[in-house]
Amino acid sequence: MAKPRIGIYGLTGCAGDELVLLNCEDELLEIVAAVDLKSFVTAQSHPEECELDVAFVGGAVAQPHDREVLLDVRRRAGLLIAIGTCAVWGGVAGAKNDQDRAALKRLVYREAGYPESLPPQPLSAYVQVDFSLPGCPIEKKQLLYSLAALLHGDLPQRIGYPVCTECRIAENVCLLKERGLLCCGPLTQGGCGARCPSHNRPCAGCRGPVEEANVAAEYRILLEKGYGPEEIVRRLGTFARVPHLVELMEKEGKKHAQDIA
Amino acid sequence: MQTAFLFREKLGQFLAGLRRVGTLLAPQRRGKEGHHAFSEVEDPQEVVLDYTRTLLPLKKYFLPPQDLLFRFSVAEGYQMAAEGLAEKRIVFGVHSCDLRALQNLDLVFLGGYPDPYYAARRENTLLIGVSCTPDELCFCASVGADSVTEGYDLFLTELEDGYFVEIGSSAGNDLVQEQKELFREVTDEDVAAFKRRFKARHQSFRRHLETSGLPRIMSLEHASSIWASRGEECLGCGGCSMVCPTCYCFSVAEVPNLDGQSGVRYRQWDSCLFKDYSVVAGGHNFRPQRGERLRQRIFHKHKDFPERYGRSGCVGCGRCIAFCPAGLDVTEIIRQLRGEIIA
């Protein structure tokens with residue numbers, strides 16, 4: 001059987017997710033032996049842009065050029081896999097998408113200008129995404145597992161549980177319940193092994209929302225712990241400002257205000 | 001019932017002796033401000049006997065969070081994983097509720113179709129119980145788990161100057177005989193002190209769960225709006241299932257290797273609180289709402305398990321209450337179902 005043709009692309013972002021692949025030192029030789037790596041500009045001088053079996057795309061769509069690259073890759077790729085929270089959720093760059101774009105541009109670039117900026121969006125805002133690996137950056141373990149699953153002819157399994165699940169298994173103190181910290185663990189997709197809470201730092205939500213995250217319940221818990229509405233929305237939306245989740249929080253905020261009035 | 005008395009000052013020596021028999025696992029504090037957790041004992045001084053509850057129960061030693069089942073490869077077919085199954089272990093300092101919970105797991109994993117992994121670990125592990133002092137979350141007495149008469153090798157009840165030791169098996173008796181210089185015979189005064197201690201403990205429970213007719217009441221309240229409203233509070237984090245000593249659901253997954261030729265299959269803890277849990281092929285979900293999933297968990301403990309096995313599926317350890325980030329309390333939900341409180 002021919003080796004699968006792979007392309008790895010980065011749109012607007014820090015390339016951290018591509019670096020995670022390069023950091024798999026122990027497995028790199030096995031990976032390049034198993035796939036036909038066509039395009040990976042982070043690591044390769046002469047990419048070949050052709051039909052692909054699988055494309056991995058990191059970064060958010062934040063400029064017209066990103067959109068062109070993405071549409072082109074989508075047309076050429078059998079499977080398109082979003083890697084990293086920017087590609088999956090829009091990421092930190094999209095945290096201010098609720099604000100006026102022109103004003104933001106003026107604030108950042110002044111008279112120099114930067115005309116080609118779009119509100120940063122996840123890949124799924126433009127194309128069909130076949131599988132998502134969230135994380136800022138992605139987890140090495142999940143990346144290797146996903147690659148191996150694809151080599152076996154399977155789509156990888158999605159993670160349907162939040163950070164809390166792994167945090168309980170690690171027998172950590174609950175930073176939300178027992179320390180009253182603003183921890184995004186209950187709302188955030190697991191798979192990191194509760195990396196931050198295991199070091200006594202609340203989850204920052206870098207992996208984006210877990211399926212059916214109960215945003216309203218967490219919002220209410222945090223209000224009751226004394227956090228202000230703006231801070232909660234900002235912290236819960238740092239890595240994934242998902243409009244309908246923000247709406248849920250605002251709705252819950254109004255309900256809560258009525259309850260105490 | 002065979003008994004013995006262990007001198008208080010000899011406890012450390014006894015534990016050191018147990019380490020010669022096998023890997024010694026006991027409650028210890030995780031860090032300065034951490035929870036108590038069962039973990040391997042390096043220094044007997046670190047063992048904590050007056051803990052209230054560990055975060056994870058004993059199931060982690062018999063049904064590990066991630067459990068390798070077998071390896072597969074095109075060249076060699078299937079090979080059952082056997083790592084650690086033959087390891088001789090002693091779990092020291094187990095409370096009655098956790099011993100009782102293990103009996104529930106035995107019914108499931110050693111019943112009709114014995115699970116070879118669970119069975120091997122169970123076979124090679126000795127259990128030493130210890131008496132406890134209930135806190136405001138404990139309700140084991142309501143579900144018959146405050147006292148066990150079987151399912152342990154030794155059970156220690158703390159008295160003033162030492163431990164009243166009940167011997168529950170011949171393996172337990174061997175542990176005493178091997179270090180018999182640390183023990184003396186039980187006196188009438190010890191028995192009287194044991195009974196006083198038992199009575200005082202029994203009277204100290206502050207939380208009660210009324211279980212009479214509970215399966216019938218739950219059937220009647222299957223469609224109650226309580227489930228939807230409690231489901232709105234539930235964060236769906238599955239934490240209650242992880243910390244529950246009688247939750248045993250797992251999912252099975254393959255982790256393939258990069259060679260495209262081989263891999264492993266393992267099982268890992270799962271929870272009926274997760275939306276994925278009740279999805280079947282074709283995408284249908286039997287329990288799409290969080291409230292339905294919360295109901296499933298409580299139904300299984302208090303209706304389905306008792307109807308099938310004739311005993312409560314809950315041992316009243318209080319962990320799900322202690323560790324729920326949303327503050328849900330199963331005893332409160334059941335009182336609500338019974339119509340005793342209006343929320």
Side-chain angles (χ1 to χ4, degrees), chain A residues 1 3-4 24 26-35 141 144-154 156-179 183 185-188 190 200 210-218 220-221 224 252, chain B residues 30-39 54-56 60 64-66 72 230-244 251-264 268-271 273-277 279 285 288-290 293 319 322-328:
Chain A
M1 202 176 76
K3 291 178 186 175
C24 297
D26 293 339
E27 296 86 6
L28 272 182
L29 291 178
E30 222 181 327
I31 294 169
V32 293
V35 304
K141 194 175 147 191
L144 290 171
Y145 155 70
S146 303
L147 274 171
L150 291 166
L151 287 166
H152 281 249
D154 276 338
Q157 264 196 347
R158 209 168 40 94
I159 292 175
Y161 53 81
V163 170
C164 292
T165 310
E166 291 170 328
C167 199
R168 299 287 74 181
I169 289 174
E171 299 194 72
N172 292 326
V173 164
C174 178
L175 298 174
L176 174 65
K177 181 175 175 123
E178 298 172 67
R179 299 274 188 273
C183 183
L187 307 180
T188 304
N200 236 344
V210 66
E211 189 187 9
E212 223 194 44
N214 192 349
V215 172
E218 167 117 6
R220 181 169 282 252
I221 289 168
E224 281 160 10
E252 190 61 29
Chain B
R30 286 192 84 233
K32 261 194 198 131
E33 294 175 346
H35 286 290
H36 290 112
F38 282 101
S39 53
T54 56
L55 200 148
L56 288 184
K60 70 176 182 179
Q66 202 172 71
F72 60 87
R230 292 302 190 161
E232 275 179 33
E233 293 171 49
C234 171
L235 289 162
C237 73
C240 49
S241 299
M242 303 302 124
V243 303
C244 177
S251 58
V252 172
E254 259 111 53
V255 178
N257 294 330
L258 287 165
D259 61 6
Q261 302 280 311
S262 62
V264 297
Q268 64 178 17
W269 290 357
D270 203 346
S271 168
L273 268 316
F274 301 147
K275 194 173 185 182
D276 281 359
Y277 181 91
V279 176
N285 194 333
Q289 302 300 320
R290 206 179 297 105
R293 302 198 286 273
R319 285 185 179 92
F323 301 119
C324 176
L328 289 172

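Every chain is numbered from 1, with letters handed out A, B, ... down the list of sequences.
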Self-check item: Residue part contacting chain B, namely of A/Ala34, when any heavy atom lies under 4.5 Å
Solution: side chain
Exercise. Please look at B/Ser262 and chain A and tell me whether the side chain, the backbone, both or neither of the residue comes under 4.5 angstrom of a heavy atom of that chain.
Key: backbone
Quiz item: Looking at A/Glu30, A/Glu27, A/Gln157, which makes the most heavy-atom pairs under 4.5 Å with chain B?
Solution: A/Glu30
Quiz item: By a 4.5 Å heavy-atom criterion (distance strictly below it), what part of B/Tyr277 contacts chain A: side chain, backbone, both, or neither?
Solution: neither
Exercise. To the nearest 0.5 angstrom, please state how far the CG atom of A/Leu28 sits from the CG atom of B/Leu258.
Key: 10.0 Å
Quiz prompt | A/Leu144 portion near chain B, given a 4.5 angstrom heavy-atom threshold | solution = both
Quiz item: Side chain, backbone, both or neither: which part of B/Pro64 has a non-hydrogen atom closer than 4.5 Å to chain A?
Solution: neither
Quiz item: Quick one: salt bridge (charged side-chain N to carboxylate O under 4.0 Å, His left out) pairs with a partner in residues 160-171 of chain A, sequence neighbours left out?
Solution: A/Glu171-B/Lys60
Quiz item: For chain A, which of B/Pro65, B/Ala253, B/Ala326, B/Pro256 has the most heavy-atom pairs under 4.5 Å?
Solution: B/Pro256
Practice problem: Against chain B, work out which of A/His152, A/Lys177, A/Glu178 has the most heavy-atom pairs shorter than 4.5 Å and name it. | Solution: A/His152
Quiz item: CE/B/Met242 to SG/A/Cys167 distance, rounded to the nearest 0.5 angstrom?
Solution: 12.0 Å
Practice problem: Under 4.5 Å heavy-atom distance to chain A, tell me which part of B/Gln268 shows up: side chain, backbone, both or neither. | Solution: side chain
Quiz item: Counting heavy-atom pairs under 4.5 Å to chain A, which of B/His36, B/Arg290, B/Gln66, B/Lys275 comes out on top?
Solution: B/Arg290
Practice problem: Go through the atoms of A/Glu211 and report whether side chain, backbone, both or neither lie under 4.5 Å from a heavy atom of chain B. | Solution: side chain
Quiz item: Between A/Leu187, A/Val35, A/Asn172, A/Asp154, which residue shows the highest count of heavy-atom pairs closer than 4.5 Å to chain B?
Solution: A/Asn172
Exercise. Look at A/Leu147, A/Ile169, A/Ile31, A/Val163 and state which one has the largest set of heavy-atom pairs under 4.5 Å with chain B.
Key: A/Ile169
Practice problem: Starting at CG of A/Leu151, measure out to CG of B/Asp259 and round the result to the nearest 0.5 Å. | Solution: 9.0 Å
Self-check item: Heavy-atom donor-acceptor pair, A/Thr165 side chain to B/Cys237 backbone, under 3.5 Å
Solution: yes
Self-check item: Taking every non-hydrogen atom, the tightest pair across A/Leu176 and B/Pro325
Solution: CD2-CB, 4.1 Å
Quiz prompt | Among the listed options B/Gly236, B/Cys324, B/Gly327, B/Gly239, the residue most often paired with chain A at heavy-atom distances under 4.5 Å | solution = B/Cys324
Quiz item: Checking B/Glu254 against chain A: side chain, backbone, both or neither under 4.5 Å from a heavy atom?
Solution: backbone
Exercise. Mind listing the closest non-hydrogen atom pair of A/Pro162 and B/Phe274 along with its distance?
Key: CD-CE2, 3.9 Å
Self-check item: Salt bridge present between A/Arg220 and B/Glu232 (N-O < 4.0 angstrom)
Solution: no
Quiz item: Taking every heavy-atom pair that is under 4.5 Å apart, which of B/Asp270, B/Leu235, B/Asp276, B/Val255 has the most such pairs with chain A?
Solution: B/Leu235
Quiz prompt | Rounded distance (nearest 0.5 Å) linking atom OH of A/Tyr161 with atom OG of B/Ser241 | solution = 14.0 Å
